[in-house]
Amino acid sequence: MKKINKLTKYIILVVACLIIPAFVVWDFLPTVLNDYPRVYEAIRRLTAIYMTGMATWLLISFANTFRQIGEQHALPHQQYVNSFISVLKIVILFFAAIILVAVILDKDPSTLFAGLGAASAILMLAFQDTIKGLVAGIRLTSNKMLAVGDRITVPSAGADGIVEEMMLTTVKVRNFDNTIVTISPQTLVDGSFQNWKGMKEKTGRKVVRKVFFDYRSITIDAESTVNLTRFREHMEQWLSQHPDVMTDNIIMVHQLDGTPAGLPVELVFWLKMQDVLPYEHAISQIMEHVYAEAPAFGLTVYQQFPQQ
């Protein structure tokens, strides 16, 4: 917060101090240069241009400061603030440009604003990317599709990482290799992307794995019980007692439709951890146990040997 205060004092106060002398000059111009109309007119226009430029700088500095304060405090709706500030800066620059043209041409600014209706098509063409980005950004934020800090995967853009910044026309994603991918909001709205926010909000992470067994190893014992049935029941009981498996969610070991590569048995369960490394280690340990237990039930995991 100290950095923000220093920035505010340095930029806003300095710009405000720079604009005050212009008002003083503007008030004294008629008195000092009353006998020199041409000099008076030239200095008046230059002063008006200076005042417009300084006022524009001051307003944009205010807008940037509000944005930085929001980022400093990590506001939950910072993406709304960023979009609003971006639009506000465009509006400020637009009005400043109109006023500057009016001063240079010595015209009433309201006359120029009235004539903009004829040039609206050109303006729409010039700012079409900005307008599309604004609409797409509003859709992303209002529908809670995306927020700063979310992990997203966008295959078409080669993005798989954390959203660091959402602006009017760009979304910056830092990949896990620290490369930064810039994507337009319109691309996210028109295409498809995967947001991992739901996984982070939940307490667990789903696992679905398949094991293929050789049909010839599926037999019936003396009690007329199929060894594959006993294996499935055993694995469900073992998973329900595993310390890393969530017992509140579904635990299921079931048979799928047969394939030429063997009979698939699918394991469905949830792990308590979400981080990639412990999650993958837990899956590996569980599946290694599955493969090791299969021979004890007389089952053979299907393996296709290469032709000699």
Side-chain angles (χ1 to χ4, degrees), residues 149-163 173-179 181 192-308:
D150 289 354
R151 177 197 166 186
I152 64 173
T153 301
V154 190
S156 60
D160 184 12
I162 307 299
V163 177
V173 179
R174 181 178 292 275
N175 288 339
F176 294 109
D177 58 358
N178 281 331
T179 58
V181 179
S192 61
F193 67 96
Q194 188 174 15
N195 193 330
W196 298 83
K197 180 180 179 180
M199 185 191 71
K200 292 181 63 178
E201 292 176 345
K202 299 295 182 180
T203 56
R205 190 170 174 182
K206 188 177 182 180
V207 179
V208 178
R209 289 293 186 272
K210 296 177 184 177
V211 179
F212 291 81
F213 292 105
D214 193 326
Y215 293 104
R216 293 167 293 185
S217 66
I218 303 174
T219 59
I220 299 176
D221 60 16
E223 299 178 358
S224 299
T225 304
V226 179
N227 57 350
L228 183 58
T229 303
R230 292 190 290 109
F231 174 79
R232 291 190 296 102
E233 294 173 350
H234 167 76
M235 290 311 306
E236 285 188 353
Q237 183 179 5
W238 181 82
L239 286 171
S240 65
Q241 297 174 354
H242 196 284
D244 294 333
V245 175
M246 298 180 61
T247 57
D248 295 338
N249 291 348
I250 186 172
I251 299 176
M252 179 173 60
V253 180
H254 66 117
Q255 179 190 142
L256 301 178
D257 292 338
T259 69
L263 181 65
V265 172
E266 187 176 64
L267 295 88
V268 182
F269 56 94
W270 291 73
L271 289 178
K272 297 178 181 178
M273 64 281 295
Q274 296 179 351
D275 293 337
V276 175
L277 193 59
Y279 172 79
E280 293 295 339
H281 284 173
I283 293 178
S284 298
Q285 185 267 330
I286 290 174
M287 294 309 298
E288 288 162 1
H289 178 83
V290 171
Y291 288 119
E293 282 286 297
F297 291 84
L299 294 169
T300 303
V301 177
Y302 183 86
Q303 182 175 348
Q304 185 175 5
F305 295 95
Q307 296 181 355
Q308 298 294 333

Would you check if I152 and V173 make a side-chain contact, meaning some heavy-atom pair closer than 4.5 Å? yes
For side chain to side chain contact (heavy atoms under 4.5 Å, CB included), just list the numbers for E293 and L299, CA-CA rounded to whole Å, side-chain angles, deciding distance to a tenth of an Å, and then say yes or no. CA-CA 9 Å; E293 282 286 297; L299 294 169; over 6 Å; no
Working note: F212 + L256, criterion side chain to side chain contact (heavy atoms under 4.5 Å, CB included); need CA distance, chi angles, decisive distance, verdict. CA-CA 10 Å; F212 291 81; L256 301 178; over 6 Å; no
Give a yes or no on whether the backbone of G158 and the side-chain of N175 come within a donor-acceptor separation of less than 3.5 Å. yes
When you look at R151 and F176, which way does the side chain to side chain contact (heavy atoms under 4.5 Å, CB included) test go after all the steps? CA-CA 10 Å; R151 177 197 166 186; F176 294 109; 3.6 Å; yes
Mind checking whether I286 and L271 have side chains closer than 4.5 Å, heavy atoms only? yes
Would you indicate whether Q237, at its atom CD, is surrounded by more than 12 heavy atoms from other residues, nucleotides or ligands within a distance under 6.0 Å? no
Are the side chains of W238 and V245 in touch, meaning some heavy atoms are under 4.5 Å apart? no
Please check this pair: side chain of D150 against backbone of V163, looking for a donor-acceptor N/O pair closer than 3.5 Å. no
Give a yes or no answer on whether the side chain of N227 reaches the backbone of S217 with a donor-acceptor pair at less than 3.5 Å. yes
Counting C-beta onward and ignoring hydrogens, is there a side-chain heavy-atom pair between D214 and Q303 closer than 4.5 Å? no
Report yes if the side chains of M287 and V211 come closer than 4.5 Å at any heavy-atom pair, otherwise no. yes
Quick one: are V253 and F269 in side-chain contact, heavy atoms under 4.5 Å? no
Tell me the closest heavy-atom pair linking Q255 and R232, and the distance in Å. N-CD, 4.3 Å
Exam field: side chain D177 to backbone T179, donor-acceptor pair closer than 3.5 Å: yes
Side chain to side chain contact (heavy atoms under 4.5 Å, CB included) between L263 and L228, worked out: CA-CA 10 Å; L263 181 65; L228 183 58; 3.5 Å; yes
Taking all non-hydrogen atoms of both residues into account, name the closest pair between K206 and V208 and its distance. CE-CG2, 3.8 Å
Can you confirm whether V301 sits close enough to F213 that some side-chain heavy atom of one is under 4.5 Å from a side-chain heavy atom of the other? yes
To check you understand the geometry: which heavy-atom pair defines the closest contact between H289 and M235, and what is its length? CD2-CE, 4.0 Å
Tell me, do V207 and Y279 make a side-chain contact under 4.5 Å, heavy atoms counted? yes
